[in-house]
Trainee: 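Sending over a structure as structure tokens; questions will come in a sec.
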Amino acid sequence: MRILAVSDKRSPSLYDYYSEGKLSGFDLILGCGDLDGDYLEYLMTMANCPLVYVHGNHDDNRSKEPLGCICADFKVVEAAGLRIFGLPGSYKYRDGKYMYSERRMKRKILQKWPGLRMKGGFDILLTHAPARHLNDLENIPHRGFECFHLLLNRFRPKLFVHGHVHRDYAHGIPQRTDHNGTLVVNACDHAVIEIP
């Protein structure tokens, strides 16, 4: 399974400097937020595969939703034979549609808990923000959610993909990390992921 994950900014290598075939061979695209609908539609069309996305903290100003793409905000969706659970937004540092306190995000996760257990969990956790102390920063706007660890520890998905924390914000922010057997990928700009 070959997955393209994107987040936060248009990738020049995929858009400005596109060459024929660059987006072929992908089975799934994951959008981690803060990307305009036209860009997501473009990626889905050129790759000719499903695209599943969540909203980012800046998406309350989005001019239009991406046509043909699957929104996974606070639900499990299936695409390319995988169950994907999506959580939008970031830690609340201002008023905004996709801003959540730790308490509110935890409450929303716990509301979904019985359904997640009934489905036997999920294969991919798709979020905009990272988990606390897992690719996040100490400042409030880029702090991760502690409650994401509830999901990672209980359901142990194969893959956790997030955006929000640009890797050039600080030295040493990795693109890939292992967390108790879950591959964690920071998709800012883009990342190519191969899973069995």
Side-chain angles (χ1 to χ4, degrees), residues 1-73 77 79-82 84-90 98 123-131 134-137 141-142 144 157-179 182-196:
M1 169 84 47
R2 193 162 181 253
I3 299 171
L4 173 65
V6 294
S7 187
D8 294 280
K9 59 184 182 177
R10 289 183 185 209
S11 172
S13 68
L14 299 177
Y15 192 73
D16 298 326
Y17 304 107
Y18 177 79
S19 59
E20 190 173 339
K22 190 176 271 191
L23 287 168
S24 63
F26 289 104
D27 301 294
L28 177 66
I29 301 173
L30 299 173
C32 299
D34 287 350
L35 293 168
D36 64 67
D38 289 337
Y39 181 61
L40 295 178
E41 289 174 16
Y42 159 82
L43 292 174
M44 182 189 66
T45 301
M46 299 307 284
N48 193 27
C49 68
L51 188 151
V52 177
Y53 72 97
V54 292
H55 289 94
N57 58 302
H58 296 296
D59 283 337
D60 46 0
N61 297 320
R62 179 184 273 171
S63 58
K64 73 176 195 108
E65 294 299 312
L67 297 175
C69 301
I70 304 165
C71 181
D73 287 0
V77 300
L82 297 168
I84 303 159
F85 182 45
L87 297 169
S90 73
Y98 300 108
D123 303 302
I124 298 173
L125 177 60
L126 174 66
T127 69
H128 180 62
L134 193 59
N135 300 343
D136 69 341
L137 299 176
H142 298 99
K158 297 175 192 172
L159 185 60
F160 170 30
V161 184
H162 70 84
H164 190 54
V165 180
H166 299 221
R167 291 178 47 236
D168 57 3
Y169 282 175
H171 177 71
I173 297 173
Q175 186 175 51
R176 296 165 197 269
T177 308
D178 178 80
H179 179 72
T182 296
L183 175 62
V184 181
V185 178
N186 181 339
C188 280
D189 189 317
H190 79 282
V192 175
I193 306 161
E194 306 263 359
I195 60 171

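Just so it is clear, the model here is predicted, and its values are computed rather than measured. Positions are given from 1, in the same order as the sequence printed here. No hydrogens, no waters, no symmetry mates; every other heavy atom, side chains included, goes into these values.
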Trainee: Do side-chain atoms of Asp59 reach the backbone of Gly33 as a donor and acceptor pair under 3.5 angstrom?
Mentor: no
Trainee: Using modelled atom types and a 3.5 Å cut-off, is there a donor and acceptor pairing between side-chain atoms of Asp34 and backbone atoms of His58?
Mentor: yes
Trainee: Test Val6 against every option in Leu30, Leu40, Leu51 by the side-chain contact (heavy atoms from CB on, under 4.5 Å) rule and name the one that passes.
Mentor: Leu40
Trainee: I want to check something: taking the side chain as every heavy atom from C-beta on, are Leu28 and Ile84 in contact at a cut-off of under 4.5 Å?
Mentor: yes
Trainee: I want to check something: taking the side chain as every heavy atom from C-beta on, are Pro174 and Asn186 in contact at a cut-off of under 4.5 Å?
Mentor: no
Trainee: Are Asp38 and Lys64 packed together at the side-chain level, in the sense that at least one heavy-atom pair is separated by less than 4.5 angstrom?
Mentor: yes
Trainee: How close do Pro88 and Val54 get, counting heavy atoms only, and between which atoms?
Mentor: CA-CB, 4.1 Å
Trainee: Which value, rounded to the nearest 0.5 Å, describes the distance between Asp36 atom CG and Lys9 atom NZ?
Mentor: 15.0 Å
Trainee: Is it the case that the side chains of Arg10 and Tyr15 hold a donor-acceptor pair, with the cut-off being a distance below 3.5 Å and no angle test?
Mentor: yes
Trainee: Check this for me: Glu20, atom CD, are more than 12 non-hydrogen atoms of other residues, nucleotides or ligands nearer than 6.0 Å?
Mentor: no
Trainee: Verify, without hydrogens or angle tests, whether Lys22 (side chain) and Ser13 (backbone) share a donor-acceptor contact under 3.5 angstrom.
Mentor: yes
Trainee: Would His164 and His142 satisfy ring-ring contact (aromatic ring centres under 6.0 Å, His included), going step by step from the backbone distance to the final call?
Mentor: CA-CA 7 Å; His164 190 54; His142 298 99; 4.9 Å; yes
Trainee: Sub-3.5 Å donor-acceptor pair from the side chain of Tyr39 to the main-chain atoms of Ser11, do we have one?
Mentor: yes
Trainee: Rounded at 0.5 Å granularity, tell me how far CD1 in Ile173 sits from CG in Asn135.
Mentor: 7.5 Å
Trainee: Report yes if the side chains of Tyr98 and Asp73 come closer than 4.5 Å at any heavy-atom pair, otherwise no.
Mentor: yes
Trainee: What heavy-atom pair brings Ala47 and Ile29 nearest, and what distance separates the two atoms?
Mentor: CB-CD1, 3.7 Å
Trainee: How long is the straight-line distance from CD1 of Ile70 back to OH of Tyr53, given to the nearest 0.5 Å?
Mentor: 10.0 Å
Trainee: Would you compute the distance between atom OG1 of Thr127 and atom CZ of Phe160 and round it to the nearest 0.5 angstrom?
Mentor: 4.0 Å
Trainee: Do any N or O atoms from the side chain of Asn57 and from the backbone of Gly89 form a donor-acceptor pair under 3.5 angstrom?
Mentor: no
Trainee: Answer whether the closest heavy-atom distance between the side chains of Pro157 and Thr182 falls below 4.5 Å.
Mentor: yes
Trainee: Nearest 0.5 Å, please: how far is CG in Leu87 from NE2 in His162?
Mentor: 13.0 Å
Trainee: Applying side-chain contact (heavy atoms from CB on, under 4.5 Å) between Met1 and each of Leu159, Asp123, Ile193, Leu82, report the one that passes.
Mentor: Leu82
Trainee: Looking at every heavy atom in both Val77 and Cys71, which two are closest together, and how far apart are they?
Mentor: CG1-O, 4.0 Å
Trainee: Looking only at heavy atoms, which two atoms of Pro66 and Gly37 are closest? And how far apart?
Mentor: CB-O, 3.6 Å
Trainee: To the nearest 0.5 Å, what is the distance between CG (Leu43) and OG1 (Thr45)?
Mentor: 9.0 Å
Trainee: In the structure I gave you, are the side-chain heavy atoms of Asp189 and Pro12 within less than 4.5 Å of one another anywhere?
Mentor: yes
Trainee: Can you give me the closest heavy-atom contact between Ser90 and Ala129, atom names plus distance?
Mentor: CA-CB, 4.0 Å
Trainee: Taking all heavy atoms of Gln175 and all of His190, pick out the closest pair and write down the distance.
Mentor: NE2-O, 3.1 Å
Trainee: Going by heavy atoms in the side chains, are Asp60 and His55 under 4.5 Å from each other?
Mentor: no
